[in-house]
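Okay, so here's the structure we're looking at.
Numbers here are sequence positions counted from 1.
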Amino acid sequence: MTEPVWGPVHRDIVDLLADHPADVPAVVDHLTKLQDLLVRLPPLEASNPLADFNRLYLVITESVLDGLYDGRFADPVFLSRLDVEFAARYFDALRMWTESSPGTPKAWTCLFERMRGPDARPLPSAAAGVNAHINFDLPFALVTTFDHLESEPVDSSEQHADYLEINAIFADKIPSLRRGYLERWQLIIDTLNGDIDDWYQGELVEYTRDVAWRNAQKIWRCRHDPEARESERARLDRTAAALGRLLLSPLGALLQ
């Protein structure tokens with residue numbers, strides 16, 4: 001008999017993924033519960049590569065929620081809806097993997113396959129998850145968000161400004177998040193490097209999210225053409241999967 005995908009926590013994860021969070025507090029709740037389950041998944045448990053990404057995603061989403069409470073965003077309805085649509089794609093990928101569906105995005109598969117070993121270093125694992133979520137999920141989350149709000153992705157709009165404000169959240173959180181993935185000897189090297197690594201990774205996130213916005217605009221223009229939309233989906237999935245495999249390769253250890 002084939003062992004369930006999620007081992008001893010399979011039923012708990014299936015139940016968690018049974019519905020989509022309806023708002024940002026619910027997204028935070030789902031990610032928190034998922035984190036508690038992932039670190040119990042044998043054989044890697046706390047060193048589970050997916051848990052490394054999920055922890056980062058949780059911290060960023062908590063910061064977005066704080067920003068919504070503090071009035072940080074010009075269009076909180078847009079930002080809230082985007083956060084929910086964005087999370088839905090992550091949870092959908094997890095659900096498809098749970099069901100052993102061949103439709104599981106390749107961008108996510110390369111990380112999901114590592115959950116039972118061989119172990120991967122924490123920072124490349126987190127980076128592989130960020131790659132899948134931003135390079136593949138984010139453009140489509142933007143399109144579904146704008147479609148739902150009967151708006152469109154326009155540069156220099158309030159929505160675009162709020163979208164860019166997330167870059168500032170990443171920039172604020174990246175230093176402590178990144179150092180949390182490092183071993184003691186790596187922290188020494190990191191200290192010697194000063195702010196260079198933090199600056200570089202912040203710039204990389206900003207660039208990647210800008211590309212995602214441009215890809216969303218491209219998908220928006222062809223959203224009523226199923227063939228063209230599927231072509232874009234396949235292209236982005238292939239590209240993100242190739243980068244994900246690179247990040248999780250021995251070469252990805254250079255990230256640390």
- Query: How about Pro153 and Leu142: do any of their side-chain heavy atoms sit closer than 4.5 Å?
  - Reply: no

Between the CD1 atom in Ile13 and the CG atom in Leu94, the distance rounded to the nearest 0.5 Å is 8.0 Å

| query | Should Leu65 and Asp83 count as side-chain neighbours, where that means a heavy-atom distance under 4.5 Å? | reply | no

Margin query: Check whether Asp70 reaches the backbone of Arg72 with its side chain - one donor and one acceptor, N or O, closer than 3.5 Å.
Written below: no

So, the side chain of Thr104 versus the backbone of Ser101: is there a donor-acceptor pair under 3.5 Å, distance only?
-> yes

- Can you find a pair of side-chain heavy atoms, one from His20 and one from Arg95, that are under 4.5 Å apart? yes

Discussion item. Contact between Lys218 and Val143 at the side-chain level, heavy atoms closer than 4.5 Å - yes or no?
Written reply: no

Does Ser63 use its side chain to pair, donor to acceptor, with the backbone of Val59 at less than 3.5 Å? yes

### Pair Arg11 + Asp15: basic N to acidic O under 4.0 Å
yes

*asked:* Just by distance, no angles: are the side chains of Asn167 and Glu206 close enough, under 3.5 Å, to form a donor-acceptor pair?
replied: no

One should read off an interatomic distance between Thr239 OG1 and Asn131 CG, to the nearest 0.5 angstrom, of 9.5 Å

*May I ask you to decide if the ring planes of Phe53 and Tyr90 are parallel, tilted or perpendicular, using 30° and 60° as cut-offs?*
perpendicular

request  = Check step by step if side chain to side chain contact (heavy atoms under 4.5 Å, CB included) holds for Met96 and Thr109.
outcome  = CA-CA 10 Å; Met96 285 186 280; Thr109 297; over 6 Å; no

Heavy-atom closest pair (Gly244 atom, Ala128 atom, distance to 0.1 Å) is O-CB, 4.4 Å

message = Between Asp29 and Lys33, does any NZ, NE, NH1 or NH2 come within less than 4.0 Å of an OD or OE carboxylate oxygen?
response = yes

Q) Any side-chain heavy atom of Leu111 sitting closer than 4.5 Å to one from Pro49? A) yes

- Non-hydrogen side-chain atoms of Gln217 and Phe146 separated by less than 4.5 Å: no

In sequence, state the C-alpha distance, the side-chain angles, and the governing distance for Leu41 and Arg116, and then conclude on side chain to side chain contact (heavy atoms under 4.5 Å, CB included). CA-CA 8 Å; Leu41 181 63; Arg116 292 189 176 275; 4.2 Å; yes

In short, Val27 meets Ala87 closest at the heavy-atom pair CG1-CB, 3.7 Å

Q. Between the side chain of Arg229 and the main-chain N/O of Pro226, is any donor-acceptor distance below 3.5 Å?
A. no

Rounded to the nearest 0.5 angstrom, the CG-CG distance for Leu82 and Asp162 is 10.0 Å

Margin query: Check whether Ser231 reaches the backbone of Glu227 with its side chain - one donor and one acceptor, N or O, closer than 3.5 Å.
Written below: no

query: Is it the case that one hydrophobic cluster holds both Phe112 and Val14, taking links as side-chain heavy atoms less than 4.5 Å apart, direct or via other members?
result: no

**Asked** Is there a donor-acceptor pair closer than 3.5 Å between any side-chain N or O of Asp52 and the backbone N or O of Ala126?
**Response** no

Taken to the nearest 0.5 Å, the spacing of Cys110 SG from Lys106 NZ works out to 11.5 Å

### Check: Ser125 side chain, Arg121 main-chain N or O, donor-acceptor pair, under 3.5 Å
yes

Tightest non-hydrogen contact, residues Ala51 and Val39, listed as CB-CG1, 4.1 Å

For Ala107 and Phe136 the tightest heavy-atom approach is CB-CB, 4.0 Å

*Are Asp147 and Arg81 within salt-bridge range, i.e. N to O under 4.0 Å?*
no

If you measure from the Lys or Arg side-chain nitrogens to the Asp or Glu carboxylate oxygens, is any gap between Glu232 and Arg235 under 4.0 Å? yes

Here the gap from Leu17 atom CG to Leu34 atom CG, rounded to the nearest 0.5 Å, amounts to 7.0 Å

inquiry  = Contact between Asp155 and Trp213 at the side-chain level, heavy atoms closer than 4.5 Å - yes or no?
reply    = yes

Examine distances only and state if a side-chain atom of His148 and a backbone atom of Thr144 form a donor-acceptor pair shorter than 3.5 Å.
no

Exercise. Does the Arg209 side chain pair with the main chain of Leu138, one donor and one acceptor, at a distance under 3.5 Å?
Worked result: no

When you compare the side chain of Ile219 with that of Leu236, does any pair of heavy atoms fall below 4.5 Å? yes

Note to self: Strictly distance-based, threshold 3.5 Å: is any side-chain N or O of Asp137 a donor or acceptor partner for the main-chain N or O of Phe86?
What the structure shows: no

Taking NZ, NE, NH1 and NH2 as the nitrogens, is one of them in Asp92 or Arg89 under 4.0 Å from a carboxylate oxygen of the other?
no

In short, Val154 meets His160 closest at the heavy-atom pair O-CB, 3.5 Å

Polar side chain donor-acceptor pair, Asp12 to Trp6, under 3.5 angstrom:
no

Closest heavy-atom pair, Phe73 versus Val64, reported as atoms and distance to 0.1 Å, is CE1-O, 3.7 Å

Given the options His133, Glu62, Gln35, Tyr57 meets side chain to side chain donor-acceptor pair (under 3.5 Å) only with His133

dist Ile134:CD1 -> Phe170:CZ (nearest 0.5 Å) comes out at 4.5 Å

- prompt: Stepwise, does the salt bridge (charged side-chain N to carboxylate O under 4.0 Å, His left out) test hold for Arg214 with Asp210?
  reply: CA-CA 6 Å; Arg214 301 301 167 201; Asp210 183 63; 3.7 Å; yes

